[in-house]
Every structure is written in structure tokens, then in C-alpha cells.
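Following: one structure in C-alpha cells, then a few remarks.
Just so it is clear, the model here is predicted, and its values are computed rather than measured. Note on naming: letters A, B, ... go to the chains in the order of the sequence lines (proteins, then strands), and numbering restarts at 1 for each one.
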There are 2 protein chains.
Amino acid sequence: MNIPTIKDVAKAANVSVATVSRVLHNLSGYSNKTKLKVLQAVEELGYHPNAIARGLINKRTQTIGVLFPDVSSGFSSDILHGIEEVAHEKGFSVIVCNTAEEGKRTMKYLQVLREKQVDGVVFTSEVLKDEYYQALKEMGIPVVLVNTQSHKYMIPYVKVDDRQAAYQATAYLIQNGHREIAMISGTLGDTVAGTRVEGYRQVLEDHDIQFLESRVAYGDFRWESGRKAMELLLADAPPFTALFAASDEMAIGAMGAVFAKGMRIPDDLSIIGYDDLTLAKITFPPLTTVHQPLAQMGRLASDKLIALIENSQDVSSTIVSHHIVERQTVRSKG
Amino acid sequence: MNIPTIKDVAKAANVSVATVSRVLHNLSGYSNKTKLKVLQAVEELGYHPNAIARGLINKRTQTIGVLFPDVSSGFSSDILHGIEEVAHEKGFSVIVCNTAEEGKRTMKYLQVLREKQVDGVVFTSEVLKDEYYQALKEMGIPVVLVNTQSHKYMIPYVKVDDRQAAYQATAYLIQNGHREIAMISGTLGDTVAGTRVEGYRQVLEDHDIQFLESRVAYGDFRWESGRKAMELLLADAPPFTALFAASDEMAIGAMGAVFAKGMRIPDDLSIIGYDDLTLAKITFPPLTTVHQPLAQMGRLASDKLIALIENSQDVSSTIVSHHIVERQTVRSKG
DNA sequence: GATATTTACGTAAACGTTTACGTAAAATAA
DNA sequence: TTATTTTACGTAAACGTTTACGTAAATATC
């Protein structure tokens, strides 16, 4: 018993495949009577269209590819959730790819996506290397960037203004009376990480506070690196009363290091994070942090990508708004 | 300038498409000279095979579908990571679906997956309703369950032994001298949740400790429900010195409620969780919990599914091993 | 009632592959 | 040398759709 095709339906309904296709697509060109016959045949045979055959002829697969450095991170999975949500609403499926930040894997994935004829690609949280760009360009399909951007190439992106967000996060600490402020940055050399320390440095200058290289430590955005960086800072840096961590994970790692020293948060040290992962509100005390609307960013990216796929000419980018969510890790000093 | 097809390559290399296909697949039936000609033409034209056309004829798409109740949870995303990893290794792509635990959405996804002709499906963390099973069965493709199982239908699954794990988690508390032990269970009515309270109940009996209905509260596995359940327990339940939470998220929610009361963990109250999410090790104090090898479960599921797709007859299930990871939320009562 | 238009279809090509089958030339065997 | 096998291809059908084009019948127009 083979899977019924449109031909079987046509035969059963005593019409041509063209007619079946027409009624299935609600086009015109058939009487109500034949429509009923066809629909009944579909029902009886349990016919389901084959999207592969359809894709072959339409040159559209209704599928997009999404690349993450680490799908399992709280950060990525929120974005994925958003992307998937609107993709599904709009009739697209999403293929996930985990690049593990490896160039080779990434290129492999791009090749697979090309062969699978995806209609578009979302690329997230990593710098878009030249070779990626070339591959993507050859594929001739729209791309949107999330949480990253390319200065070299003109590609629409969705992200927050990192510099400004970092500026405001640090400013928030200053407003709360802190003047000795350390920072744990993301990977040294990474562009977004870089932008964040610029923001941090800028506020300090604007408030006539001296920027001390010795008060900034570098992690890789992940929890463990935050803990280590904090241990370093606690041991070696000039004393400080507050910390800005460039990711929530690192902030929480830092909190662990602080607690381990028997210090209290925010009594002995204030901390502000960055991201507002689900994590942030469930730690104790709940983490004050700058909120990035991750799921929303995913939704916007999906939206934009699909518009592009459907021939929109609008290649604009969007800077989504961030804001500080005040929880309980920052203490106001008198 | 259109995308080159196998025909273009054939023309450029002055051979037939059949020959091109043969060299591309490393079959036999061509001289070394023509092989070189073909490869060169491929190179020059920048030809890339079209997996859609291939899928149409092979009736294989090298794609699997994966259904999650919530892709963005730390739980799901670890499983996804594992699934994706081996799928990619074995030449399969994965389409993610977020059911949001809604029957209608789930059915919609199953239909999409059917139309897209996926070769297999992984279904995770939800009970497999009859209608899902029927749809899956009609599709005629292999399915594997993760973190759930069906008593009604014969479908391979990958999960831990929940009852035993719950038994051991509670036993661990008893071994540490606790006898007044509360529990926060997952959704009342859910099978896995049910199994876990059975395990809990069983140890108590085996140690001649009276099981008190009033010492078990019900959440939905998520953080907030854990906090609420703990507040309830703290207010209404007979006093207890330890808690077994059926998920790490709930355990952490409970910790928040405890801290909010000014109590200390583990000094005033011991807590053991369940899952060992990334979360667990980064809270303070780090959470003692029962480890489920989530990524590994994903890998195993992927492995099994692909074997099934490739005609393995082995429909066995696997119970993966769990173990308690001792961190700092359980105090030994002298 | 003749002509023009619209409706309701059917036919067949096309999408880009894979592969069964056929065949001429080359290699081997007798 | 001739007969046989093997090699190296080419031809064409098939996968399941969509859609341009054609056409007979029905309907509308005058």
C-alpha cells in the first residue's frame, strides 16, 4: 500500500491532476461538483501533499536555517524560540545548526543548508567571517544577523546597542553612588565584547572617574570564566564596590566567587549583569541586569528574513531597546 | 545567471548526466580521464547538488523532526544539543518544533513534518497522545521518545528510571539523617511526575517513615511553581528538614522562597533537586541533585532513530543511568 | 441565432536528480 | 583470430508536483 499521490487522487476523483492541484490551492477553474469529488477522494485516500516535490518545482522549501555557536545556552535557546515561533506562524520550518564556533563546522553547515535549498539563513552571536559571507552570497538567499553585525558587509541585523547598554549599566552603578567599578568583559578581541568595554570606559570618563585597566578582567561570556575573573579581580585589582559583568552567566559566576569569600551581595559588593537570561531572576539574590529581549529579537529576525524571502526590498536593521531591570544585586550607597 | 545543475555540468564536461552522477557518487563506470573532466566542470561552474531533487527520487530527505514542549528551557536545549550533534555527524538535519504542550500545535507540526517528508521523529518530554500516535503511525516513519514513554504503544524510548531516581534522591536525604522530608512534585496527573512521587513514597515506607500527603506540594516543573509550592509548604506543612524537588528549576524556586524567609541552606533546610541542569552548579550554594545525562540522552535518541531509519530492526529502549551529584544543599544531620 | 466571451477542464512540460537498461568499444580468453 | 566478458559510457523513465497552454462546452452579448 503505497502513499497516495496527487495522481491517485485524480484517478479516484476522475479528473486530471491539474484539477486536483487547482482545488487544493483554491484556484479557479472547476465546478463545485468536481471540487467536492476531489475533496472526497483526498479524504478517502488520506492524501497529503509532498512538500519535496512542491519545493522542486517552486524553488522554495519554506525552510530557513539558523546557526548558533551553542544551541544549548540559555541565550541561544531564547532566540531560537522566538525565531521558531514566527517562522512557524508564517509557514516556515527551521533547521538548527550548532557551529560550536568552529569555522569548519560552520562551513559544513552552510553547505548542507545550500544543498537543502533553504530559503534564508539567520546567523547569530558570532562574527561573520569572510568565508561565511562568500558562501552565503553564493547561495543567493537572504541572511539576517542576530546579536552581531558586519561592518564590512551590508547585511541586516537585529541587536541592541551594546555600547549604549554597557554605558547605561555602568552609569546605573554610578548613579547608585559607586565610583570604584570593575568590569568583567567578554572575550578579548570579540567585537561586541569590545564595544561593551568601550561603553564602560566612556561613562567613567564622562564622570571623571579614572579608567583602570587593572579593574577589567576578561572571560568568555560563560559562567566559569566569570567566577575565575572575579577571583582574579578580588585578589589583584584595586578595591572596588561594584562590578559590571558583560553577561549574566559571568555575573553569576562572579557572585559565586564573592559568596565563596564570605562576602555579601549587594551589601559588600554590587553587581550588574547583561542579558537578562531566565537565570537572572532565579538566582538569589535576583540579579540586576540589562535586559535584552532575546525572544523578541528572534521574532524580529524571523520576520525580517521571511519578508526578505518574500521579496521585500527593505534591508534595514533594527536596534532593539534594552533596559535595566532592577533586582537585588545593586546597593545604593548613601 | 542561473544556478548550475547536473545538466550544466554534463554539458560542460561533454558527458551525460548519468556519468556526472556516477562520479559524484563514486560509483563505477567511467574512466579516470572523464572523472577529471567532470570534477573540473563541477569546480568551474561551482555546482552544488540539489538535495530536494535527490530527496524526491530517493524518498529520503536526511532530515528528522524533533518536538519539544519548550525549546527554550534548559532541559530541552541540552537534549536538542545532543540530538543535533549526532544527527549532523550522520548526515541528517534537524527541524525543531515547539509544541508549547498544545495538542493543536503539535498536530500542525506533525502535518508539516509529514509534508516535508522527514525520515524520522524524536518526541520529547510529553505524553504521547493517541492522536499523535495515529498521525505518526500514518507517516510510516520511525519515532523515538525521550524523557517519556508510552505504555500503550510499542515505541522505543530513552529515559532514566524516574521511580528509582526519585527513590534514591529521597534515600540520600534519609542517609543524611533526615526523616521529615517534603516533596515538590511535578504536574499532578503527569505520568513522570507521578512516578517520582511513587519513588519518594516508597523510600519513606521502606524506612518506616510515614508518608504525609500534606508534605507534598505540586508544581509544574518550572521555577515559579517551585517558589510558590515552597511557600505553601513552609506555611502549612508539618515541619520538615529536607526537601526533594522533582526538578532543578523548582528546587531553585524553593531555595528562593527559603532565603526570602531568612533561612539558610543547607543549615536550616536541605534540598535535593532533579535534572542537573547547567543551572544547578551555578546557584549559590550549588545544588545537590540527581543527574540526568540530557545531552547524552539526545545523542542516544538520535543514534537510535537514525539506525531505525536505516533499517535497523532493533526497537529496544534504553534506560540511561542517573546518579546523585553531591554539591552543597544537603546537610548531614550528625 | 450568430458571435464573443467565459468556464471548466485536460495535456504535457518542467523542476533536478537517480538508475535501470542498452550498447559500442576495449580488454580478455580461447 | 574469434568469442566472450568487461568497461565506459548514453538514453530515458521516474520521483510528485505546478502551471502554461489548448479546447470544448456553457454562457453572455447583440
Chain B on DNA chain C: first and last contacting nucleotide, 5' to 3', under 4.0 Å to a heavy atom? C/dG16 to C/dT19
What stems show up for DNA chain D when you take Watson-Crick pairs (N1-N3 plus N6-O4 or O6-N4) and G-U wobbles (N1-O2, O6-N3), both under 3.5 Å, and require three or more consecutive pairs? C:1-30 with D:1-30
Name the residue from B/Val20, B/Ile3, B/Ile6, B/Val38 that meets the side chain to side chain contact (heavy atoms under 4.5 Å, CB included) definition with B/Tyr47. B/Ile6
Minimal heavy-atom distance between B/Leu113 and B/Met139, with the atoms involved, is C-CE, 3.9 Å
I'd like to know if the side chain of A/Asp220 and the backbone of A/Thr187 have a donor-acceptor N/O pair within less than 3.5 Å. no
For residues 26-33 of chain A, which residues have at least one heavy atom under 4.0 Å from DNA chain C? A/Gly29, A/Tyr30, A/Ser31
Treating B/Thr99 as the side-chain partner and B/Phe68 as the backbone partner, does any N or O pair qualify as donor plus acceptor under 3.5 Å? yes
Donor-acceptor list for residues 73-80 of chain A side chains, cut-off 3.5 Å, not counting sequence neighbours:
unit_1	atom_1	unit_2	atom_2	d
A/Ser73	OG	A/Asp70	O	3.1
A/Ser73	OG	A/Ser76	N	3.0
A/Ser73	OG	A/Ser76	OG	3.2
A/Ser76	OG	A/Asp70	O	3.0
A/Ser77	OG	A/Ser73	O	3.1
A/Ser77	OG	A/Gly74	O	3.4
A/Ser77	OG	B/Ser72	O	3.4

Output the distance between atom CG (B/Leu110) and atom CE (B/Met107), rounded to the nearest 0.5 Å. 6.0 Å
To the nearest 0.5 Å, what is the distance between CD1 on A/Ile83 and OG1 on A/Thr124? 6.5 Å
What pair of heavy atoms forms the shortest contact from B/Ile155 to B/Tyr133, and how long is it? CD1-CD1, 3.7 Å
When you match B/Asn58 and B/Thr34 each to their closest nucleotide on DNA chain D, which lands nearer the 5' end? B/Thr34
Distance-only polar pair, side chains of A/Ser93 and B/Lys116, donor-acceptor under 3.5 Å: yes
Can a salt bridge be assigned to the pair A/Glu138 and A/Arg114 using a cut-off of 4.0 Å between side-chain N and carboxylate O? yes
Is it true that a side-chain atom of B/Arg60 and a backbone atom of B/Asp119 form a donor plus acceptor pair closer than 3.5 Å? no
Whether the side chain of B/Lys304 engages the backbone of B/Ser316 through a donor-acceptor N/O pair (distance < 3.5 Å, no angle test) should be reported. yes
Establish, from distance only, whether the side-chain atoms of A/Arg299 and A/Gln296 form a donor-acceptor pair under 3.5 Å. yes
Residues within residues 5-23 of chain A bordering DNA chain D, heavy-atom distance below 4.0 Å: A/Thr5, A/Ile6, A/Lys7, A/Ala18, A/Ser21
Quick one: OH on B/Tyr30 to NZ on B/Lys37, what's the gap to the nearest 0.5 Å? 13.5 Å
Per the under-4.0 Å heavy-atom filter, residues of residues 37-53 of chain B near DNA chain C come out as B/Tyr47, B/His48, B/Pro49, B/Asn50, B/Ala53
Distance only, no hydrogens: is a donor on one side chain within 3.5 Å (strictly under) of an acceptor on the other, for A/Ser317 and A/Gln149? no
